[in-house]
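Working notes, beginning with the structure itself.
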Amino acid sequence: MAQKPSIPKGTRDFSPIEMARRNYIFDTIRGVFQNYGYQPIETPAMENLSTLMGKSGEEGDRLLFKILNSGDFLGGVRQEDIDEKNLSKITTTISEKGLRYDLTVPFARYVVQHRNEITFPFKRYQMQPVWRADRPQKGRYREFFQCDVDVIGSGSLLNEVELIRVIDAIFKKLGVNVQIRLSNRKILSGIAGLIKAPEKLTDITTAIDKLDKIGLDKVVDELLQRGLSKEQIDQVLPIIELTGNNIQKLDSLEKLIGNTNDGSAGIAEMKTVLAYFDKLNIESALEFDPSLARGLNYYTGTIVEVLAKDVKIGSVCGGGRYDNLTGVFGLPDVSGVGVSFGADRIYDVMNELSLFPDEVLHSSEIMLVNFGEKEAAYSLKVVEDLQEAGIRAELYPDAVKMKKQMSYADKKSVKFVLLIGEQEMETGKYTLKNMQTGDQITASLPELIENINA
RNA sequence: GUGGAUGUAGCUCAGCUGGUUAGAGCACUAGAUUGUGGUUCUAGGGGUCGUGGGUUCAAGUCCCAUCUUCCACCCCA
């Protein structure tokens with residue numbers, strides 16, 4: 001046997017049944033997006049590296065797939081850079097394009113580039129694959145789909161509220177129990193301000209983000225390691241140990257960091273957002289959690305992360321407000337907020353919990369058995385009539401043994417099989433077999449159609 | 001990117017301290033059933049043991065390298 005073919009690490013093929021289920025997820029998400037007034041756009045798989053680099057931190061740059069230049073890509077490389085193994089310099093010379101890492105950065109680029117055609121606030125959605133040169137794990141792929149919704153050009157907190165409602169609506173429709181964790185980047189800045197160490201903001205956030213995972217003691221260790229003093233840590237700890245409901249937590253927090261500019265602004269925003277939900281129907285658990293950090297360094301306001309309650313997997317959705325992402329492309333003072341749904345993780349969760357409805361597999365509703373040349377010619381006309389009546393119908397292409405044809409219908413979960421042999425051709429009444437019950441009836445075409453649609 | 005595990009038929013796995021033609025269940029193909037699938041019975045096909053080296057009289061079994069998948073870190077959808 002020849003060497004088996006394979007696909008690159010962290011990528012997957014999708015079978016018809018998997019596609020049916022994936023499309024069910026995409027259709028559900030798209031339906032909600034449209035229902036809330038968002039419009040689709042698409043952007044290319046590859047972007048210029050100058051667009052992608054430096055937007056999601058060093059870690060993000062490391063995870064970028066870079067595309068080798070065409071032609072004599074070595075032409076511009078200097079010998080001294082090779083000798084000194086100056087990788088970053090060589091990279092920028094031999095590669096000027098990369099695969100997109102997420103959809104938010106290309107969207108920001110799109111907004112800046114098309115600013116004169118866009119009516120703001122601009123509500124768009126985008127469902128496309130992204131690529132990351134990460135090491136694969138469960139729920140972590142090198143090629144995966146993100147479904148992003150963003151509204152850009154409006155600073156109103158109503159947008160945050162709407163996006164949380166979008167999240168709730170989608171997971172409700174899919175039947176996935178989720179917890180929605182909320183916080184605000186300004187609260188974290190307030191904490192950093194409180195201990196007079198604004199430059200430690202990232203260190204503090206990445207450390208306390210792990211609270212759920214590694215526990216309080218280890219978080220303290222990590223904070224020490226990251227250069228915070230004991231006194232500073234003592235100031236930080238009460239903040240991440242808040243108890244009570246969302247409002248109580250915010251009230252206690254206000255006493256601690258309410259005197260910092262960022263802190264009080266963040267708390268006020270959080271309170272405003274939560275207050276809207278007093279009068280709204282929302283099913284998912286909404287939890288204010290000041291230990292929520294989210295790494296992407298372009299977030300400036302509200303941050304949100306959605307976890308599946310019943311499956312241990314990374315977040316299935318996440319996002320937040322970014323006040324100046326378009327600034328790096330030359331369009332300052334445009335605030336946006338958006339969230340991204342991880343379709344592949346949602347698939348994994350639903351698969352593990354067997355949440356897919358049976359009817360997502362759209363195979364034919366009826367298959368006509370092929371008895372031979374004459375019968376097939378006759379059946380073809382019946383297939384046409386059925387299809388015109390809006391029924392998914394097919395004729396088995398070969399006049400092979402009936403057992404084989406029936407078994408084909410069974411495996412494809414075709415609901416009905418229609419038998420048109422010599423007798424049926426003479427009488428004009430066909431034999432219809434229901435594959436689920438095994439019942440058979442003899443009926444004319446209009447009666448059949450009625451029966452199938454019942 | 002760091003550390004650790006894994007890899008035997010299409011799938012899930014068995015194969016003791018290296019020893020003749022590598023096994024099971026499911027799936028597949030054919031027949032029982034010449035106009036009837038999903039159940040049952042019978043028979044059959046299919047593996048250079050991830051790949052490449054090495055040790056040995058002898059390697060699925062030991063050693064090295066490499067790739068895949070998985071787990072933790074990192075990061076995140």
Side-chain angles (χ1 to χ4, degrees), chain A residues 1-12 15 25 29 56-63 87 101-104 127-148 167 202 205-207 209-210 213-214 218 222 292-297 299 303-308 312-319 338-349 367 369-372 375 396 399-425 430-440 442:
Chain A
M1 192 172 64
Q3 179 82 47
K4 272 188 194 168
S6 62
I7 53 175
K9 185 202 298 211
T11 64
R12 295 148 301 151
S15 66
I25 292 174
I29 292 175
S56 313
E58 270 176 50
E59 188 68 21
D61 290 354
R62 207 198 79 208
L63 296 176
L87 294 184
Y101 165 97
D102 66 10
L103 298 177
T104 307
M127 312 201 298
Q128 290 190 275
V130 302
W131 295 268
R132 293 183 192 175
D134 215 341
R135 187 178 284 201
Q137 260 180 55
K138 182 186 181 186
R140 180 163 156 181
Y141 308 101
R142 291 186 138 187
E143 177 184 64
F144 60 96
F145 267 79
Q146 289 194 328
C147 306
D148 274 38
I167 292 170
T202 320
T205 56
T206 50
D209 188 39
K210 296 176 192 163
K213 216 170 188 174
I214 62 176
K218 294 243 170 96
E222 181 148 350
L292 172 65
R294 296 201 54 79
L296 290 176
N297 55 9
Y299 292 128
I303 45 183
V304 54
E305 179 172 271
V306 183
L307 300 170
K312 190 175 170 282
I313 198 166
S315 55
V316 290
C317 177
V339 295
S340 178
F341 292 79
D344 301 82
R345 282 187 182 172
I346 294 173
Y347 178 94
D348 290 341
V349 168
M367 186 202 84
V369 172
N370 187 329
F371 283 102
E375 291 90 340
Y396 195 89
V400 295
K401 258 178 296 193
M402 199 162 157
K403 181 186 167 95
K404 179 150 180 137
Q405 302 191 36
M406 294 296 290
S407 156
Y408 168 85
D410 186 46
K411 273 179 198 142
K412 270 187 80 175
S413 308
V414 176
K415 274 191 208 141
F416 296 96
V417 167
L418 192 64
L419 294 98
I420 306 179
E422 252 177 76
Q423 300 159 33
E424 286 88 349
M425 280 167 65
Y430 315 136
T431 304
L432 180 75
K433 171 159 182 159
N434 183 322
M435 294 294 278
Q436 278 149 12
T437 61
D439 298 342
Q440 275 185 210
T442 308

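Just so it is clear, the structure is predicted and the values come from calculations on it, not from any experiment. Below, chains carry the letters A, B, ... as their sequence lines are ordered, and counting in each starts from 1.
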*B:G25 and B:A32, which share atom name C1', separated by this distance in whole Å*: 23 Å
_Atom pair CD (A:E143) and CD1 (A:I7), whose distance is rounded to the nearest 0.5 Å_ = 9.0 Å
*asked:* So A:E424, base contact, sugar-phosphate only, or nothing? Heavy-atom distance under 4.0 Å.
replied: base
*Any donor-acceptor pair under 3.5 Å between the side chain of A:K433 and the base of B:G37?*
yes
*Check whether the aromatic ring of A:F341 stacks on the base of B:A77, taking stacking as ring centres less than 5.5 Å apart and planes within 30° of each other.*
no
*Closest to the A:K401 side chain, choosing from B:U36, B:G37, B:A30*: B:A30
_Return the pairing partner of B:A30 with a 3.5 Å limit on both distances, Watson-Crick or G-U wobble; otherwise return none._
B:U42
*What distance, rounded to whole Å, do you find between the two P atoms, one in B:C28 and one in B:C70?*
27 Å
*With P as the reference atom in both, quote the distance from B:A59 to B:U2 in angstrom, rounded to an integer.*
35 Å
*Quantified in whole Å, what is the C1' atom distance between nucleotide B:G50 and nucleotide B:U8?*
10 Å
*Starting at atom CG of A:D410, determine the distance to atom C1' of B:G38, rounded to an integer number of angstrom.*
5 Å
*Are the side chain of A:N434 and the backbone of A:D439 linked by a donor-acceptor contact shorter than 3.5 Å?*
no
*Any chance you could measure A:D148, atom CG, to A:Q128, atom CD, to the nearest 0.5 Å?*
10.0 Å
*With a 4.0 Å cut-off on heavy atoms, is A:K210 in touch with a base, just the backbone sugar-phosphate, or nothing at all?*
sugar-phosphate
Can you give me the N/O atom pairs linking the protein to nucleotides 67-71 of chain B at distances under 3.5 Å, or say none if there are none?
{"residue": "B:U68", "atom": "OP2", "partner": "A:K9", "partner atom": "NZ", "Å": "3.4"}
{"residue": "B:U69", "atom": "OP1", "partner": "A:G10", "partner atom": "N", "Å": "3.0"}
{"residue": "B:C71", "atom": "OP2", "partner": "A:K138", "partner atom": "N", "Å": "2.5"}

*asked:* Roughly how many Å apart are B:U61 and B:A14, using the C1' atom of each and rounding to a whole number?
replied: 14 Å
*Have a look at A:G60 and say if it touches a base, only the backbone sugar-phosphate, or nothing, with a 4.0 Å heavy-atom cut-off.*
nothing
*Measure from the side-chain heavy atoms of A:K403 and tell me the nearest of B:A77, B:G35, B:G37.*
B:G37
*Using the P atoms only, state how far B:U40 lies from B:A58, rounded to an integer number of Å.*
48 Å
*So what does A:C317 touch, heavy atoms closer than 4.0 Å: a base, only the sugar-phosphate, or nothing?*
sugar-phosphate
*If the P atom of B:A43 is compared with that of B:G52, how far apart are they to the nearest Å?*
37 Å
*asked:* Looking at A:Q440, I want to see if its CD is surrounded by more than 12 non-hydrogen atoms of other residues, nucleotides or ligands under 6.0 Å.
replied: yes
*Using atom C1' of each nucleotide, how far apart are B:C67 and B:U6 to the nearest Å?*
12 Å
*Counting only distance, no hydrogens or angles, is the base of B:G35 paired donor-acceptor with the side chain of A:Q423 under 3.5 Å?*
yes
*Please work out if A:Q440 contacts a base, only the sugar-phosphate, or nothing of the nucleic acid, heavy-atom cut-off 4.0 Å.*
base
